[in-house]
Amino acid sequence: MFASISGRSVIVTGSGRGIGRGIARRFGAVGCRLLVVSRTLSEAERVAGEITAEGGTARAFAADVQRAADMTAMAKAAVDAYGGIDILCANAGIFPAAKLGVMTEADFDQVIGTNLKGTFLAVSACLPVMKAQKSGRIILTSSITGPVTGYPGWSHYGASKAGQLGFMRTAAIELAPFNITVNSVLPGNIATEGLAGLGADYVRSMEASVPLGRLGSVQDIANAALFFATDEAAYITGQSLVIDGGQVLPESLAALDEMRSGS
Ligand code: NAP
């Protein structure tokens with residue numbers, strides 16, 4: 001049984017849909033007070049409405065993680081609403097595919113700017129508040145793609161997601177004296193609106209490559225993020241947790257076939 005974190009102030013970037021929405025609703029369900037952030041205000045408002053309808057506390061805020069001014073305003077909105085920032089889930093990310101040779105400089109900048117620079121800007125904006133509090137939890141949404149695996153079309157994405165882990169390790173050291181921990185969740189293939197956009201063939205092939213036999217749910221990721229925010233996880237920092245149904249484990253297609261054969 002974990003101690004209650006009810007009442008804590010939580011920002012989740014990219015929570016208008018997908019994994020971020022799942023994280024926000026999970027924290028809302030345990031009594032945290034949420035700032036639901038995405039560029040599309042109507043989607044953030046819908047998620048905030050879902051949380052309040054379930055008896056929780058949530059407000060919506062429109063912001064682009066690529067813009068420092070937006071991140072500063074986001075942190076201020078959380079402080080104005082809830083008096084502080086206990087937990088930041090830096091989750092906003094994009095994964096448009098483009099193979100090398102086709103990928104443009106603008107494609108590269110867009111992915112790095114959102115996924116990696118966006119992480120830096122969100123964290124930087126919340127730091128003054130967390131440092132003054134002498135406490136904070138920062139949870140990044142990275143990926144298996146980049147830190148553990150590769151996939152054609154995602155060299156920029158993989159670089160951004162591996163980059164988040166490099167950022168995390170040094171941030172964890174720098175922020176430890178302020179009692180701020182920094183950890184990462186590394187989702188495998190999770191059933192979200194964004195993933196569905198990659199097409200039915202992609203989804204089917206991913207399902208077939210997961211030993212546990214299904215895509216992950218947003219709740220699977222939200223549960224791991226919630227763990228990093230608990231008092232019981234206070235001594236864990238600079239770490240990453242793969243949540244992928246065993247997807248990165250088979251060393252070859254033959255290993256998967258052997259598993260399926262059951263012999
Ligand atoms: P999604 O369904 O496309 O949702 C992404 C969310 O991020 C949306 O709310 C989107 O809203 C927001 N967002 C995108 N760009 C933003 C920006 N510049 N500023 C603020 N918000 C922004 O994606 P998802 O599948 O949930 O992915 C969420 C995170 O998990 C990403 O970091 C992704 O890399 C990671 N991940 C996902 C999977 C997977 O299988 N789904 C696997 C590994 C890692 P707006 O467009 O309205 O801003």
Side-chain angles (χ1 to χ4, degrees), residues 5 8-15 18-20 22-24 26-27 37 65-66 68 71 74-75 78 85-95 108 111-131 133-150 154-188 190 216 220-244 247-248:
I5 60 167
R8 302 224 173 134
S9 166
V10 184
I11 296 175
V12 186
T13 67
S15 48
I19 290 173
I23 292 173
R26 189 74 184 90
F27 279 94
V37 182
V65 297
Q66 296 185 88
M71 292 298 92
M74 172 189 81
I85 304 167
D86 297 306
I87 299 156
L88 166 68
C89 296
N91 166 82
I94 55 172
F95 35 92
F108 190 86
V111 169
I112 297 291
T114 305
N115 299 358
L116 183 54
K117 183 180 166 189
T119 296
F120 158 70
L121 292 177
V123 170
S124 297
C126 295
L127 275 188
V129 179
M130 288 183 171
K131 282 182 171 177
Q133 292 169 177
K134 280 259 177 196
S135 69
R137 297 295 172 86
I138 297 170
I139 299 146
L140 314 181
T141 305
S142 174
S143 176
I144 57 170
T145 310
V148 188
T149 64
W154 279 327
S155 58
H156 50 359
Y157 178 78
S160 74
K161 293 289 157 179
Q164 283 180 300
L165 298 193
F167 172 86
M168 171 190 76
R169 293 189 184 103
T170 291
I173 298 171
E174 290 184 11
L175 301 178
F178 299 94
N179 190 29
I180 299 168
T181 66
V182 193
N183 292 291
S184 296
V185 291
L186 277 60
I190 310 303
D220 290 321
I221 307 307
N223 287 332
L226 183 64
F227 169 68
F228 281 130
T230 60
D231 291 347
E232 288 75 6
Y235 201 56
I236 302 172
T237 194
Q239 300 305 309
S240 52
L241 182 60
V242 171
I243 306 123
D244 72 341
Q247 185 174 348
V248 302

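This structure is a prediction, so every number in the text was calculated from the model and none was measured. Note: hydrogens, waters and symmetry copies are ignored here, and every other heavy atom, side chains too, is used.
Residues H156 and F108 approach most closely at CB-CD1, 3.5 Å, considering heavy atoms. Scanning both residues, A90 and T119, for their nearest heavy atoms gives CB-CG2, 4.4 Å. Across all their heavy atoms, T13 and A92 have their closest contact at OG1-N, 3.0 Å. Between I87 and F27, the closest heavy-atom pair is CD1-CE2, 4.0 Å. Across P187 and I19, no two heavy atoms sit closer than the pair CG-CD1, 4.1 Å. Here the shortest heavy-atom pairing between G20 and V12 reads O-CG1, 3.7 Å.
Checked options T114, N115, I112; the residue passing with Q66 is T114 (criterion: side-chain contact (heavy atoms from CB on, under 4.5 Å)). Of the residues listed (I138, V129, V10, L127), the one engaging I85 in a side-chain contact (heavy atoms from CB on, under 4.5 Å) is V129, and it is the only one. When V185, V37, I11, I23 are each tested for a side-chain contact (heavy atoms from CB on, under 4.5 Å) with C89, only one passes: I23.
Interatomic distance, CZ of R8 versus CG of D231, reported as 4.5 Å (0.5 Å rounding). Summarising the geometry, atom CD1 belonging to I221 is positioned 3.5 Å from atom CD1 belonging to I190; distances are rounded to the nearest 0.5 Å. With rounding to the nearest 0.5 Å, the separation of CG in L186 from CG in L165 is 5.5 Å. Going from atom CG of L226 over to atom CD1 of I5 covers 5.0 Å, rounded to the nearest 0.5 Å. Separation of atoms OG (S240) and CZ (R169) is listed at 6.0 Å; rounding is to 0.5 Å. Separation of atoms CD (E174) and CD1 (I180) is listed at 11.0 Å; rounding is to 0.5 Å.
Environment of CZ in F227: crowded, with over 12 heavy atoms of neighbouring residues, nucleotides or ligands closer than 6.0 Å.
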T149 and Q247: side chain to side chain contact (heavy atoms under 4.5 Å, CB included), yes or no, with the steps? CA-CA 10 Å; T149 64; Q247 185 174 348; over 6 Å; no
Evaluate the side chain to side chain contact (heavy atoms under 4.5 Å, CB included) criterion for residues D86 and Q133: first the C-alpha distance (whole Å), next the side-chain angles of each, then the deciding distance (0.1 Å), finally the verdict. CA-CA 9 Å; D86 297 306; Q133 292 169 177; 4.0 Å; yes
Could you walk me through whether L88 and V123 pass side chain to side chain contact (heavy atoms under 4.5 Å, CB included), step by step? CA-CA 7 Å; L88 166 68; V123 170; 3.9 Å; yes
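Counting only heavy atoms from C-beta outward, the side chains of L116 and Q164 approach each other to under 4.5 Å. Two residues are said to be in side-chain contact when any heavy atoms from C-beta on lie closer than 4.5 Å; M130 and L175 fail this criterion.
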Would you give me the side-chain donor-acceptor pairs under 3.5 Å for residues 139-146, sequence neighbours excluded?
{"unit_1": "T141", "atom_1": "OG1", "unit_2": "N91", "atom_2": "OD1", "d": "2.9"}
{"unit_1": "S142", "atom_1": "OG", "unit_2": "K161", "atom_2": "O", "d": "3.0"}
{"unit_1": "S143", "atom_1": "OG", "unit_2": "T145", "atom_2": "N", "d": "3.0"}

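S160 contributes a side-chain N or O that, together with a main-chain N or O of Y157, makes up a donor-acceptor pair within less than 3.5 Å.
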